[in-house]
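Everything below concerns the one structure shown next.
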Amino acid sequence: MEKSMRDAFGEAMLELAEKNERVFGLTADLSSSVRLEAFGEKFTNRFFNVGVAEANLIGVSVGLALEGFIPFAASFAVFLPGRCFDQIRVSVCQNKANVKLVGSHAGLSNYGDGATAQSVCDLALMRALPEMKIICPADANQVKKAVFAAAKIEGPVYLRLSRAETPVFTNEKDLFSFGKAEVLRKGKKLTIISCGSLVYNCLKVGEQLDAEVINLHTLKPFDRETILNSAKKTGKVLSVEEHSIFGGLGSAVAEALAQDPVPLKMMGIADSFGQSARSYSELLERYGLTSEDIAREAKSL
Amino acid sequence: MVPLTLPELEKTALKIRRHVIEMIHAAGSGHPGGSLSATDILVSLYFGNILKFDHRNPKAEKRDRFILSYGHVAPAYYAVLAEMGVFNEDLLLNLRSLDSSLQGHPSKVHADFVETSTGSLGQGLSVGAGMALALKSKKAKEKVVVLSSDGEQNEGSHWEAVMFAGHHSLGNLNLIIDQNCMQVGGMTTEVLNLEPLAEKYHASGWDVYQTDGHDFRRLLTSLSNFNNKGNKPRVVIARTIRGKGVSFMEGNEKYHACTLSEEECKRALNELVKG
């Protein structure tokens, strides 16, 4: 079964707002794209489309948060965090404001629109910010849990979502442990670490090659212990992400391994922007992130 | 608190200006020009009873929310709060020192009395608009007051918030513009002309008042329009003089951000002795 994370986000928000009356939903004129239309119709007093104005989207959300509400501000990841980094740096993080930032259409998942709409630097931006916590769910099931977890966390959270219809492979009933790297498969030959929908491809490769596969759904805080334990056990690490190889998941892993060296190969988007394509898979092929690519790199380690 | 009389306000403002000079001298850096142009506005807000504010409980739920959007004039703001009794006056000379609650720009993480961290221009009105929405949603009677500068009017994000406040009829949102007609690069008319400023706010659904930002009688008359009611946000455009009160600083672009030497400090304090 395949499902888009944004659909899961819209459903989770309806359920969350039903249970928690402090939850607000805000967007910068992308209600339908981030699946907040139903939320807006149901919770008319707790929904704001601020217009095409991402900087103000952040400021208004911060104001609501400082008064005790829990605003979820959603847009495309290229705009949020991309366009309003300074508002996030100062008004969100330097206030420790309880704002949940939702960057949808992350990575290459907005395949048709091309480079301006494809977010391959957002993790680097958010990782550098003190106070920020980052969740990158692996599938639609995990999105729902991440939304509820984010609402419980006091302080800024960045939630990274994909637009694409991607495999639903995590168990609906499994617990989501925020901050804890999830070992999806035990293995001996190498460790493959990923986040987002590419975790599925990694899992397939892991089964072929007896690799340990880790879903690093929480990028920050970084679960150093689980990563280092696995790396030391297998002796080789492959990181895979739909993000620039600079500043994202691979970099986080490298920062940890540099102090306790284990060979690491980083897979991601090599210092370039994306481009238009007729399908998502075409882009994953072009940028070398298919299961075949992952298997090849894993074998070459 | 009983609002101060006009002579008392003058006397208080003089004291605040002395603090500003001493603080920036002690800190070794700061923004005297804007701090001095903002002083009378800040004194009016706090000592003219425009803001509902209890110095013994600055974070009381039933307080008006005040945001110093152009955070670099923090010395004047801190001096007013000390004079109100929020903290001891002795602390003022800790401005910009390590671990001080009196950071170079207001920081919520370092100082609990700050509503929101500011200093990066163009963010205060958005946060104020969010607070205004929140207060309306809670059916609270308090109002939000944001103090901005004319230089800050250059920021596109500020105008996103102006449109938002007008569109959402935020009658509990109030803005003051400290219009000293100067910014870092020179006169505002030369860097990026704002005029017709009042008309821009009018066109965005705001009520607009214009006043002299150094005449307490006129300033208080304009600021007394601030409230939490109606369906229009309101702005007071207050004409001011950068460096007001110190002859060699008035209208002098050198004193936007600078250090103040012993000699400059002494000369300034000598001028700030009587109203």
Side-chain angles (χ1 to χ4, degrees), chain A residues 17 21-29 43-73 75 79-80 83-101 129-132 154-156, chain B residues 59 61-67 69-71 103-112 114-140 142 144 146 148 155-168 170 172-173 204:
Chain A
E21 58 185 26
R22 292 195 296 145
V23 169
F24 274 63
L26 299 99
T27 175
D29 212 24
F43 303 102
T44 47
N45 295 328
R46 288 193 271 156
F47 171 77
F48 287 96
N49 172 6
V50 305
V52 193
E54 292 79 10
N56 192 46
L57 170 69
I58 299 301
V60 167
S61 300
V62 168
L64 287 165
L66 294 177
E67 290 297 329
F69 294 109
I70 308 172
F72 279 72
S75 183
F79 306 134
L80 191 179
R83 196 187 192 101
C84 42
F85 176 74
D86 192 54
Q87 278 73 20
I88 299 171
R89 180 181 70 92
V90 177
S91 290
V92 176
C93 292
Q94 292 187 16
N95 278 326
K96 298 187 188 180
N98 197 18
V99 175
K100 314 307 165 189
L101 306 165
L129 285 175
E131 306 298 340
M132 185 57 72
E154 184 65 36
Chain B
K59 292 314 287 284
E61 185 63 28
K62 290 186 189 310
R63 72 189 185 281
D64 286 342
R65 273 59 166 173
F66 174 70
I67 296 173
S69 191
Y70 61 142
Q103 294 285 299
H105 294 76
S107 167
K108 186 177 169 64
V109 176
H110 295 83
D112 194 37
V114 170
E115 296 283 359
T116 178
S117 296
T118 52
S120 178
L121 296 179
Q123 301 188 26
L125 191 62
S126 282
V127 175
M131 285 179 169
L133 271 186
L135 291 174
K136 273 178 96 169
S137 171
K138 291 193 269 191
K139 298 192 167 46
E142 288 65 39
V144 179
V146 179
S148 173
E155 291 283 2
S157 56
H158 178 85
W159 292 94
E160 292 181 5
V162 170
M163 286 189 281
F164 181 86
H167 179 85
H168 289 282
L170 296 180
N172 55 351
L173 182 65
S204 303

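Here is the naming used below: chain letters follow the sequence lines, and residue numbers restart at 1 for every chain.
Note: B:Leu133 CG to A:Arg46 CZ = 14.0 Å, rounded to the nearest 0.5 Å. Annotation: the span from B:Gln123 atom CD to A:Gln87 atom CD amounts to 4.5 Å, rounded to 0.5 Å.
Closest approach of A:Ser91 and B:Val127 over heavy atoms only: OG-CG2, 3.8 Å. The two atoms that bring B:Ser117 and A:Val90 nearest to each other are O-CG1, 3.7 Å, heavy atoms only. Of all non-hydrogen atoms in A:Leu66 and B:Glu115, the two that sit nearest each other are CD1-O, 3.4 Å.
For a heavy-atom cut-off of 4.5 Å, chain A lies close to B:Ser157, B:Glu160, B:Ala161 in residues 155-162 of chain B.
Chain A forms more heavy-atom pairs under 4.5 Å with one residue of B:Ala140, B:Ser137, B:Gly124, B:Ala132 than with any other, namely B:Ser137. Among the candidates B:Lys138, B:Met163, B:His168, B:His167, the residue making the largest number of heavy-atom pairs closer than 4.5 Å to chain A is B:Lys138. Of the residues considered (B:Thr116, B:Val109, B:Val114), B:Thr116 shows the highest number of contacts with chain A, using heavy-atom pairs under 4.5 Å. Comparing A:Asn45, A:Val52, A:Asn95 by how many heavy-atom pairs each has under 4.5 Å with chain B, the most go to A:Asn95. With respect to chain A, the highest number of heavy-atom pairs below 4.5 Å among B:Gly128, B:Ser107, B:Gly119, B:Ser120 belongs to B:Ser120.
Using a 4.5 Å cut-off between heavy atoms, A:Asp86 contacts chain B through both its backbone and its side chain. When heavy atoms are compared at a cutoff of 4.5 Å, A:Glu54 approaches chain B solely by way of its backbone atoms N, CA, C and O.
B:Lys62 NZ: 12 or fewer foreign heavy atoms inside a 6.0 Å radius. More than 12 heavy atoms of other residues, nucleotides or ligands shown are found within 6.0 angstrom of NZ on B:Lys136. For B:Arg63, the CZ atom counts as densely surrounded, since its 6.0 Å shell holds more than 12 non-hydrogen atoms of other residues, nucleotides or ligands.
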